[in-house]
Asker: 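Okay, handing you the structure first.
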Amino acid sequence: MTDSPAFRPEPRTPRGFQDRRARDLRVEREILAQVSAVYEQYGFEALDTSAFEYADALGKFLPDSDRPNEGVFALQDDDEQWMALRYDLTAPLARFAAQHWETLPKPFRRYAYGPVWRNEKPGPGRFREFIQCDADTVGSARPEADAEIVALAVAGLEAAGLPRGTAVLKLNNRKLLNGLLSAAGVADDHQKLAVLRAVDKLDRLGADGVRLLLGEGRKDESGAFTKGAGLNARGIEAVLAFVAAGGGSRTDVLARIADVIGGSAEGDEGLADLSRIDVALKGLGVAEDQAVFDPSIVRGLEYYTGAVFEAELLLDTVDEKGERLRFGSIGGGGRYDDLVARFTGERTPATGFSFGVSRLAAALRAAGREPGHQARGPVVIIAFSEADMAHYFEVAGELRGAGIAAEVYLGSSGMKAQMKYADRRMSPAAVMLGGDEIAAGTVTVKDLDLGRALAAKVTDNQTWRGERPGQATIRRAELVAFVRRIIEG
RNA sequence: GCCGCCUUAGCUCAGUUGGUUAGAGCGCCAGAUUGUGGCUCUGGAGGUCCUCAGUUCGAACCUGAGAGGUGGUACCA
């Protein structure tokens, strides 16, 4: 079965993908378990859809024959139809909702999590495959539906390990800026989008940088020029005054926005929406420090039609080298009333929130909030001799039956290496059942944590070997109870 | 996508003006210690010097192209 002997494939993870081991997985699974419980409490049902979608259902990046993989991983099925791996969970939801609209309970509330794929240049903390977790309501245009998504996001992040004060949900409404721009005579959609992109960079570039981007454009330190939105001076100042209207309670912000935005129909609508969201949030018990109105939150996406949300981490974070790290947004969402209409032709209001699970886990780690417990290995049963394997498996069975993770060492190395193996697996204990013990009806159990602690004080090898720290020989019948005591500390 | 920097052992990195056999620390394996993870000592394994082409008597080192990584920037569902 070997190929040409000269060929040795290099074992490596594909670019932008990653292997995740027990330590990372347990944190991520814990987050998902906690968040799922919260989402279900809020009345959202679980949904899992396929990894592949027909490319036309994903919308924006339709593969054409020249560049079928732009942005997405796509392939052509044997019936020549283009299929693509989903790049988020919102587009598949829109497809699902459109497909089953007649039979769904409406409004349809669902949460989903799973891998999504993006075929683009990977960067640090930016992968081509990652786990996303979404909750959405389809079929309710009420601002209260947005408010509930916000409340759920706040509760979800808290359950995921970010207690109150470590994160804040910021919200805004697209209608406000749209109304402002319309009133200023900006009708062109491209120009509006350019304004949104410019505002989106406020936290990074500051008001002066954004001012340039709203106008002619901006040259950055590397000399690259970014074309601006081309607003006139009055328009620029109006937008800047609007985005600066944040701060203080939600009521304060609303009052300030009302001053700045100055009566366009769409703007007034946005204000009314936010006001109703505020009332609902108060009823839902979402405090002023948990969810704030922030006019500078726009989200770069085209498809948002009303409320937009962004969850921001308030903790100081450091990377592996101890350098300060800006994490910024750890989740976001908003209202997208036109997405389902792509399939049905009927405007179907929808709103949702999503976050990257690995990213949140990385944020928790960077903030030193990673759930402390390390991934523990099984109790390792030392294998002394071929002839006694049956005894070892008997012990493994007993421990497993008692709900204790256990395994018989199945390598071919000597005892020293076996102890090392148990050490490396972070096993709580090693069980020794050699010829002596079997003959005497006893078993020797070593508490590896205790042994490690005791070993730190021993410098002399003779003592170390003589004392056998953390180790006890007990009657065979006491094994399970003894091991359980070690594990439970 | 564009601009800068980087690429030598599993990891972190040395490597003289271009000169013979490319090193260190950590890690790994083994022994000292017939049945004990730590410490210490001893030994060992491990390298297409990112790839290809060129310059040269001779390239880890110089030149070019490409790949990968990284930092900005753009885009971001």
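Note that the coordinates shown come from a computational prediction; the quantities given were computed from them, not determined experimentally. All values below were derived from every heavy atom in this structure, side-chain atoms included, with hydrogens, water molecules and symmetry-related copies excluded. Below, read A as the first sequence line, B as the second, and so on, with proteins coming before strands; counting in each chain starts at 1.
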Asker: Quick check: does any side chain N or O of A:Ser358 sit under 3.5 Å from a backbone N or O of A:Gly356, one acting as donor and the other as acceptor?
Answerer: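 Not confirmed, A:Ser358 side chain does not pair with A:Gly356 backbone.
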Asker: Whole Å only: how far is the CG atom of A:Asp447 from the P atom of B:G37?
Answerer: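 So the CG-P distance, A:Asp447 to B:G37, works out to 16 Å.
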Asker: State whether A:Arg452 places a side-chain N or O below 4.0 Å from either non-bridging phosphate oxygen (OP1 or OP2) of B:G37.
Answerer: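 No, no such contact exists.
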Asker: P atom, B:C13 versus B:C50: distance in rounded Å?
Answerer: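 One P to the other, the span is 15 Å.
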Asker: Checking all strands, does A:Lys201 fall into the base, sugar-phosphate, or nothing category for heavy-atom contacts under 4.0 angstrom?
Answerer: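 Sugar-phosphate contact only.
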Asker: Is the closest basic N to carboxylate O distance between A:Glu398 and A:Arg476 below 4.0 Å?
Answerer: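 Salt bridge flag = yes for A:Arg476 with A:Glu398.
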Asker: When the C1' atoms of B:A67 and B:C52 are considered, how many whole Å apart are they?
Answerer: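 My reading of the C1' atoms in B:A67 and B:C52 gives 10 Å.
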Asker: Could you work out the separation of B:A45 and B:A30 based on their C1' atoms and round it to a whole Å?
Answerer: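 Approximately 10 Å lies between the C1' atom of B:A45 and that of B:A30.
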Asker: For residues 404-416 of chain A, which residues have at least one heavy atom under 4.0 Å from RNA chain B?
Answerer: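 Residues of residues 404-416 of chain A that come under 4.0 Å of RNA chain B are, in numerical order, A:Met415, A:Lys416.
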Asker: Identify, between A:Asp88 and A:Met419, the residue whose nearest nucleotide on RNA chain B lies closer to the 5' end.
Answerer: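 Checking each residue's closest nucleotide, the 5'-ward one belongs to A:Met419.
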Asker: How many Å lie between CZ on A:Arg204 and C1' on B:G71, as a whole number?
Answerer: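 Roughly 13 Å, once rounded to whole Å.
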Asker: Quick test of your reading of the model: are A:Asp24 and A:Arg21 salt-bridged, counting only N-O distances below 4.0 Å?
Answerer: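 Not counted as a salt bridge, because no side-chain N and carboxylate O are separated by less than 4.0 Å.
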Asker: Does any donor-acceptor pair link the side chain of A:Gln471 with the base of B:U36 at a separation under 3.5 Å?
Answerer: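 Answer yes: a donor N or O sits under 3.5 Å from an acceptor.
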Asker: Do the charged groups of A:Arg485 and A:Asp447 touch, with an N to O distance under 4.0 Å?
Answerer: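 A:Asp447 and A:Arg485: not salt-bridged.
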Asker: To the nearest angstrom, how far is A:Leu213 atom CG from B:U73 atom C1'?
Answerer: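 One finds 12 Å between C1' of B:U73 and CG of A:Leu213, rounded.
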Asker: I need the single residue from A:Tyr421, A:Phe384, A:Tyr392, A:Phe393 that forms a ring-ring contact (aromatic ring centres under 6.0 Å, His included) with A:Tyr409. Which is it?
Answerer: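 With A:Tyr409 as partner, ring-ring contact (aromatic ring centres under 6.0 Å, His included) holds for just one option, A:Tyr421.
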Asker: Can you tell me how far P in B:G19 sits from the matching atom in B:C26, rounded to whole Å?
Answerer: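 Rounded to whole Å, the distance is 29 Å.
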Asker: Across all strands, who's sitting opposite B:C61 as a Watson-Crick or G-U wobble pair, both distances under 3.5 Å?
Answerer: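 None - no nucleotide pairs with B:C61, as no candidate has both distances under 3.5 Å.
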Asker: When you measure from the side chain of A:Arg197, which nucleotide among B:G35, B:C76, B:G37 comes out closest?
Answerer: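 Minimum distance to the A:Arg197 side chain belongs to B:C76.
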Asker: Is B:U12 paired to anything, Watson-Crick or G-U wobble with both distances less than 3.5 Å, and if yes, which nucleotide?
Answerer: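 Partner of B:U12: B:A24.
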Asker: Checking all strands, does A:Arg126 fall into the base, sugar-phosphate, or nothing category for heavy-atom contacts under 4.0 angstrom?
Answerer: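 If one applies the 4.0 Å heavy-atom cut-off, A:Arg126 turns out to touch a base.
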Asker: Applying a 3.5 Å limit to both distances, which nucleotide forms a Watson-Crick or G-U wobble pair with B:G68?
Answerer: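 With both distances under 3.5 Å, B:G68 matches B:C6.
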Asker: Taking pairing as Watson-Crick or G-U wobble with both contacts under 3.5 Å, can you name the mate of B:U73, or confirm there isn't one?
Answerer: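 Because both required distances fall under 3.5 Å, B:U73 counts as paired with B:G1.
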Asker: Just checking A:Asp436: base, sugar-phosphate only, or nothing, at a heavy-atom cut-off of under 4.0 Å?
Answerer: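 If one applies the 4.0 Å heavy-atom cut-off, A:Asp436 turns out to touch a base.
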Asker: B:C75 P sits how many Å from A:His190 NE2, rounded?
Answerer: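 Taking NE2 of A:His190 and P of B:C75, I get 14 Å after rounding.
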Asker: When rounded to the nearest Å, what value does the distance between P atoms of B:C49 and B:C11 take?
Answerer: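 Nearest-Å result for B:C49 against B:C11 at atom P: 15 Å.
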Asker: Base, sugar-phosphate alone, or nothing: which one does A:Arg15 contact when heavy atoms must sit under 4.0 Å apart?
Answerer: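 Contact class for A:Arg15: sugar-phosphate only.
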Asker: Given B:U73, is OP1 or OP2 found less than 4.0 Å from the side-chain N or O atoms of A:Arg218?
Answerer: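 The answer is no; no side-chain N or O of A:Arg218 sits under 4.0 Å from OP1 or OP2.
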Asker: Would you mind reading off the distance between A:Lys121 atom NZ and B:A67 atom P, rounded to a whole angstrom?
Answerer: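 Atom NZ in A:Lys121 sits about 13 Å away from atom P in B:A67.
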Asker: Strictly under 4.0 angstrom, non-hydrogen atoms only: write out the protein contact profile of nucleotides 42-47 of chain B, one letter per nucleotide from the 5' end, B, S or -.
Answerer: ------
Asker: Return the CG to CZ distance between A:Asp77 and A:Phe52, rounded to the nearest 0.5 Å.
Answerer: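 The distance works out to 9.0 Å.
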Asker: Between atom CG in A:Asp200 and atom C1' in B:U73, what is the gap in whole Å?
Answerer: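 The distance from CG of A:Asp200 to C1' of B:U73 comes to 15 Å, rounded to the nearest Å.
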Asker: Quantified in whole Å, what is the C1' atom distance between nucleotide B:G58 and nucleotide B:U21?
Answerer: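 Going atom to atom, C1' in each nucleotide, I get 16 Å.
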Asker: Judged by atom type as modelled, is there a donor-acceptor pair below 3.5 Å linking the side chain of A:Tyr87 to the main-chain atoms of A:Asn119?
Answerer: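 A pair under 3.5 Å: no.
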Asker: Closer than 3.5 angstrom, by distance alone: can the side chain of A:Glu28 be matched with the main-chain N or O of A:Leu25 as a donor-acceptor pair?
Answerer: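 Judged by distance alone, no pair lies under 3.5 Å.
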Asker: Per the atom types in the model, does the base of B:G35 pair as donor or acceptor with the side chain of A:Glu437 at under 3.5 Å?
Answerer: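 Such a pair exists between side chain and base.
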Asker: I need the full list of salt bridge (charged side-chain N to carboxylate O under 4.0 Å, His left out) pairs touching residues 110-123 of chain A, with sequence neighbours left out, sorted by first then second residue.
Answerer: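 Non-adjacent pairs meeting salt bridge (charged side-chain N to carboxylate O under 4.0 Å, His left out): A:Arg110-A:Asp136, A:Glu120-A:Arg126.
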Asker: Looking only at atom P, what distance separates B:C76 and B:G15, rounded to whole Å?
Answerer: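 Rounded to whole Å, the distance is 44 Å.
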Asker: With distance as the sole test, does A:Asp88 use its side chain to make a donor-acceptor pair with the main-chain N or O of A:Ala91 at under 3.5 Å?
Answerer: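 Yes, A:Asp88 side chain to A:Ala91 backbone: donor-acceptor pair under 3.5 Å.
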Asker: Between A:Phe44 and A:Arg109, is there a cation-pi geometry (under 6.0 Å to ring centre, at most 45° from the normal)?
Answerer: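 Positive - A:Arg109 is close enough to the ring of A:Phe44 and near enough to its axis.
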Asker: Quick check for you: among B:A30, B:G38, B:C76, whose closest atom lies nearest to any side-chain atom of A:Ala417?
Answerer: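 Nearest nucleotide to the side chain: B:A30.
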Asker: Paired with B:G46 by Watson-Crick or G-U wobble geometry, both distances under 3.5 Å: which nucleotide is it?
Answerer: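 Pairing partner: none.
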Asker: C1' atom, B:A53 versus B:G69: distance in rounded Å?
Answerer: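 Looking at atom C1' only, B:A53 and B:G69 are 23 Å apart.
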Asker: Looking at B:U56, which nucleotide sits across from it as a Watson-Crick or G-U wobble partner, both distances under 3.5 angstrom, or is there none?
Answerer: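 Base partner found: none.
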Asker: Could you tell me whether the side chain of A:Arg465 has a donor or acceptor atom within less than 3.5 Å of a complementary atom in the base of B:C39?
Answerer: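 No, no donor-acceptor pair under 3.5 Å.
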Asker: Can you tell me if the side-chain N/O atoms of A:Trp464 get under 4.0 Å from OP1 or OP2 in B:U33?
Answerer: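 False: A:Trp464 side-chain N/O out of range (4.0 Å or more) of B:U33 OP1/OP2.
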Asker: Nearest whole Å is fine: how far is B:G68 P from A:Arg128 CZ?
Answerer: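 Spelled out: CZ on A:Arg128 to P on B:G68 is 9 Å.
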Asker: With a 4.0 Å cut-off, would you call A:Asp423 and A:Lys420 a salt bridge?
Answerer: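 Salt bridge: no.
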Asker: Judged by each residue's nearest nucleotide on RNA chain B, which is more toward the 5′ side, A:Glu120 or A:Gly434?
Answerer: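 Its nearest nucleotide lies further toward 5', so the answer is A:Gly434.
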Asker: With a 4.5 Å limit on heavy-atom distance, are the side chains of A:Leu196 and A:Arg174 in contact?
Answerer: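 Heavy-atom side-chain distance check passes, below 4.5 Å.
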Asker: For B:U40, give its Watson-Crick or G-U wobble partner with both distances under 3.5 Å, or none.
Answerer: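 Here B:U40 is engaged in a pair, and the nucleotide opposite it is B:A32.
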Asker: Using atom CD1 of A:Ile382 as one end and atom C1' of B:U36 as the other, report the distance to the nearest whole Å.
Answerer: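 Going from A:Ile382 (CD1) to B:U36 (C1'), I get 8 Å.
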